[in-house]
Amino acid sequence: MKVSSALSSLVFLLLLLLTSVLDFVPNIIVEGGEENAEQAEDVKRSQFPDGFLFGVATSSYQVEGAVHEDGRSLSNWDVFAHTKGNIENGDNADIADDHYHHYLEDIEIMHSLGVDSYRFSVSWERILPRGKFGDVNPAGILFYNKIIDNLLLRGIEPFLTIHHHDLPQELMDRYGGWLSPLIQEDFVRLAEACFKHFGDRVRYWITINEPNLVSEFAYERGKYPPARCSPPFGNCSAGNSDVEPLIVMHHMLLAHAKAVKLYREQFQAKQGGTIGLVVSTHMYEPLTDDELDREAASRGLAFYVGWSFDPVVFGDYPPEMRRYHGSELPTFTSDERQLMRDSTDFLGLNHYVTLYAKDCIHSSCTCFVPSCFPGGDRAIRGFVSTTGFRDGVAIGEPTGNPRFFVVPRGMEEAVDYIKERYHNKPMFITENGYSSPKGQQEQVDDLQHDIKRVAYHKSYLSALARAIRNGADVRGYFIWSLIDNFEWTDGYDIKFGLYAVDRVTMDRIPKSSAKWYRDFLHNISFNHQEPRIAIPFSSAADGFLPNIKNGTAEMA
C-alpha cells in the first residue's frame, strides 16, 4: 500500500509538471534553436499609456477590388498584376477582398474587436483617375466619405494614408511616375483633394507608405512596377539599380514635404490634425562580434531607415550615405533643405524584419540562403549584406516570407534606435504582423487555432511595452492586417489577417487571433483559455444581422 501510494504521488507530480510545461509551450517562440528563446508574456493593454491607439491596417489596392467601377482608372499595379509571371499563381486584385462592397461589414468587424483606430489608404486612381490631367472623381470621394463617417459612428479613429504603392497608370505612361519630378505636383494635388474632402474628420494623416521599400523593390530589384533594375540585382528590360532608387526616393521625399507644407499652411490649424511619413523599418544586428560587422549593422540602418527619416527630420540624407555615394546621391537646394527639415509630426514604423548584417567593404559577400539578397557589395546597399542565418541557424522562427523571422527583441531595438537617432520624436507602429509559413494545414493552424500569430503579437507587444517603459514616445500600434488580402507579388498565398476571407463567398472568417485581440483590447487575459470563434456585434440599424454560422456580419 505504501509503494502504491508513493507511485500514485509520483505519477500525479509528473502529470502536474507535464501540464505546466504544455501551458508554457504555446508562449515560447523558438529562435532557430538558439538558447535565447524569447517568451511571449501575457501582455495587457493596461501596460500601455492612456490614449495609446490600438488598431488594424489595410491598404486600398490590397482589399478593395472593384477596379473597373465608379470611374476608377487603371493603376500601375493593375497592369503589372495582369502581366504573366509577375504574381504568384497568376493572382490579381481585380476583386481582392471586395472591400468596396463589404466595407460596412469590415467596419462592423473592427467595432466588434474594439479597436481605437483603422489605418487605411485611398486609391489615387479613384480620387484622381487621371492625375492632374483630369478632375476629381465624385464617386471616389463619396466612397471614402462613407468609410470615414461609418468609422466615426462606431468610435473608430480614421488613420488615413494618401499613397500606398498604387498610382494611375496614366502617370507612368506620360512621364514615368516617381522617376520624374513632375509627379511631385500630381501628388500634392491628390493630397489637397484629401485634405479638402476628408480633413474635417481625419486627424491622422500619412503622406506616403514606405518610400524606401518602393525604391528598392520597384527600381532596384525590379519586383514591383515598373519593374526596373540592372545586374546583379535582377535582369529587367530597363533600369539602373545603382542610381534610380536614389532618384525615386528624392522625388517621393520632396512630394511628401510639399504636401506637409500645404497641410500646415492651409488646413492644420483649422482641422487640428497631425501628419507624418511611414517607413519600412528593419532592424539589423551584427553577424559576428567583429567591429566591422557592428559598423555594417549601423551603416545598414542609416542606408535603409535613415535614408527616409533623416531628410524629414534633419533636412538632408544621412552622412553615411554621403560618404559612400558621393555625386550619385541627389542634393537638396538650400530652400529644399528648409522645406524638408522637420516636415513630419510623427514617425511611422512598419516593422517586420530583423536580420544579421555583414560588412562587404573589407570582405567578400556572397548569398547562399533565400533570406539574402544580392548586391550587398554595392553602394546602394551601403556595402552591407543582410541575412537571416548565422552558422546555418535562423535568427528566429521562419514565417511565410523568407526575409521575415520571429524576432520580438527587434521591435524594442528598432524603437530604441529611432528614439535615439531622432531625439524621441513621436512614433506609431503603423504595421506589424505575422504570416504562417506556406504549406501549413491552414484550416487547423491558421484559421481556427492560429496560436503562433497570437504568440507573435504578444511577444512583439511585450517588447514594445518595454521600449515605452524605457522612455520611447510611441503612441499607437496597428496590426497588419484586419483581413487576409492581396499581398502584392505573393498574391493570396501569404496571409497576415486576423480574419480569413473565403475567396468564393467573400465571407470573413475570424481566426483565434481575432478573439485574442478583442480580449486584449478589453484587457482580458488570453492565457489558459481555449481559442473560440469571435462573433462580431451587429447593428440592425445599419441593415446587418449576425451570421452565427461563421461569425461574420451580413446584410439583412
Margin query: List the residues meeting salt bridge (charged side-chain N to carboxylate O under 4.0 Å, His left out) with Asp166, not counting sequence neighbours, and say none if there are none.
Written below: none
Note to self: So Val415 and Ile429, do their side chains get closer than 4.5 Å, heavy atoms only?
What the structure shows: yes
Note to self: Angle between ring planes, Trp488 versus His164, binned at 30° and 60°: parallel, tilted or perpendicular?
What the structure shows: parallel
Margin query: Which residue in the set Trp480, Tyr434, Trp516 passes ring-ring contact (aromatic ring centres under 6.0 Å, His included) when paired with Tyr456?
Written below: Tyr434
Next item on the list: Would you please indicate if the ring centroids of Phe478 and Phe54 are separated by under 6.0 Å?
Entry: no
Check: What distance do Leu113 atom CG and Ile479 atom CD1 have between them, rounded to the nearest 0.5 Å?
Finding: 8.5 Å
Next item on the list: Would you mind checking if Asp450 and Lys452 are paired as a salt bridge, meaning a charged N to carboxylate O distance below 4.0 Å?
Entry: no
Note to self: Check this for me: Ile95, atom CD1, are more than 12 non-hydrogen atoms of other residues, nucleotides or ligands nearer than 6.0 Å?
What the structure shows: no
Checklist line | Gap between atom CD1 of Ile275 and atom CG of Leu160 - 0.5 Å precision | finding: 10.0 Å
Next item on the list: Would you mind checking if Asp91 and Arg503 are paired as a salt bridge, meaning a charged N to carboxylate O distance below 4.0 Å?
Entry: no
Check: Are the side chain of Gln47 and the backbone of Lys44 linked by a donor-acceptor contact shorter than 3.5 Å?
Finding: yes
Next item on the list: Would you kindly say whether His102 and Glu105 are connected by a side-chain donor-acceptor distance under 3.5 Å?
Entry: yes
Check: Regarding Ser75 and Asp78, is there a side-chain donor-to-acceptor distance under 3.5 Å anywhere?
Finding: yes
Check: Counting N and O atoms only, with roles assigned by atom type, does the side chain of Lys425 sit under 3.5 Å from a partner on the main chain of Thr344, one being a donor and the other an acceptor?
Finding: yes
Next item on the list: Classify the side-chain pair Ser280/Tyr304 by whether it contains a donor and acceptor separated by less than 3.5 Å.
Entry: yes
Next item on the list: State, yes or no, whether a side-chain contact exists between Arg119 and Thr430 at a heavy-atom distance under 4.5 Å.
Entry: yes
Next item on the list: Sequence neighbours left out, what passes side-chain hydrogen bond (donor to acceptor under 3.5 Å, both in side chains) with Thr399? Give chain and number order.
Entry: none
Checklist line | Validation row: Thr161, Ile208 side chains within 4.5 angstrom (heavy atoms) | finding: no
Item checked: Donor-acceptor side-chain pairing of Asp94 and His82 below 3.5 angstrom -> yes
Checklist line | Gap between atom OH of Tyr499 and atom CD1 of Ile483 - 0.5 Å precision | finding: 10.5 Å
Next item on the list: Can you sort out the partners of Lys223 under salt bridge (charged side-chain N to carboxylate O under 4.0 Å, His left out), two or more places apart, ordered by chain and number?
Entry: none
Margin query: Ignoring hydrogens and geometry beyond distance, is a side-chain donor-acceptor pair present between Glu210 and Asn350 at under 3.5 Å?
Written below: yes
Check: Does the side chain of Glu412 come within less than 4.5 Å of Asn470's, by heavy atoms?
Finding: yes
Check: Can you find a pair of side-chain heavy atoms, one from Ser60 and one from Val122, that are under 4.5 Å apart?
Finding: no
Next item on the list: Output every pair passing salt bridge (charged side-chain N to carboxylate O under 4.0 Å, His left out) with a member in residues 52-70, not counting sequence neighbours, ordered by first then second residue.
Entry: Glu64-Arg126
Next item on the list: Tell me, with the steps shown, if Tyr477 and Asn432 meet side chain to side chain donor-acceptor pair (under 3.5 Å).
Entry: CA-CA 8 Å; Tyr477 174 88; Asn432 176 240; 2.6 Å; yes
Margin query: Are Val474 and Phe428 packed together at the side-chain level, in the sense that at least one heavy-atom pair is separated by less than 4.5 angstrom?
Written below: no
Item checked: Interatomic spacing from CD1 in Ile162 to OG1 in Thr207 - rounded to 0.5 Å -> 6.5 Å
Notebook entry, point to check: Is Glu431 close to His351 at the side-chain level, that is, under 4.5 Å between some pair of heavy atoms?
Noted result: no
Next item on the list: Would you mind checking if Arg201 and Asp149 are paired as a salt bridge, meaning a charged N to carboxylate O distance below 4.0 Å?
Entry: yes
Margin query: Within this structure, what is the CG-CD1 distance for the pair Asp106 and Ile147, rounded to the nearest 0.5 Å?
Written below: 9.0 Å
Next item on the list: With the side chain counted from C-beta on, respond yes when Met283 and Leu355 share a heavy-atom pair under 4.5 Å apart, and no when they do not.
Entry: no
Next item on the list: Please indicate whether Arg203 has more than 12 foreign heavy atoms, meaning atoms of other residues, nucleotides or ligands, lying under 6.0 Å from its CZ.
Entry: no
Next item on the list: Indicate, with yes or no, if the rings of Phe159 and Phe120 have centres closer together than 6.0 Å.
Entry: no
Checklist line | All side-chain hydrogen bond (donor to acceptor under 3.5 Å, both in side chains) counterparts of Glu125, not counting sequence neighbours | finding: Arg72, Ser123
Note to self: When you compare the side chains of Asp97 and Gln62, does any donor N or O come within less than 3.5 Å of an acceptor on the partner?
What the structure shows: no
Note to self: To the closest 0.5 Å, what do you measure between CG (Asn212) and CE (Met252)?
What the structure shows: 9.0 Å
Next item on the list: Kindly write out the residues that satisfy side-chain hydrogen bond (donor to acceptor under 3.5 Å, both in side chains) with Tyr118, not counting sequence neighbours, or none if the list is empty.
Entry: Thr58
Checklist line | salt_bridge(Glu487, Lys495) N-O dist < 4.0 Å | finding: no
Margin query: Under a plain distance cut-off of 3.5 Å, with no hydrogens placed, do Tyr492 and Asn485 share a side-chain donor-acceptor pair?
Written below: no
Item checked: Ring-face cation contact, Phe496 with Arg453, 6.0 Å cut, 45° max -> no
Notebook entry, point to check: When the ring centroid of Tyr224 is compared with that of Trp77, is the distance short of 6.0 Å?
Noted result: yes
Notebook entry, point to check: Between the side chains of Ser59 and Ser121, does any donor sit under 3.5 Å from an acceptor?
Noted result: no
Notebook entry, point to check: Testing Tyr352, Tyr356, Phe389 for ring-ring contact (aromatic ring centres under 6.0 Å, His included) with Phe405, which one passes?
Noted result: Phe389
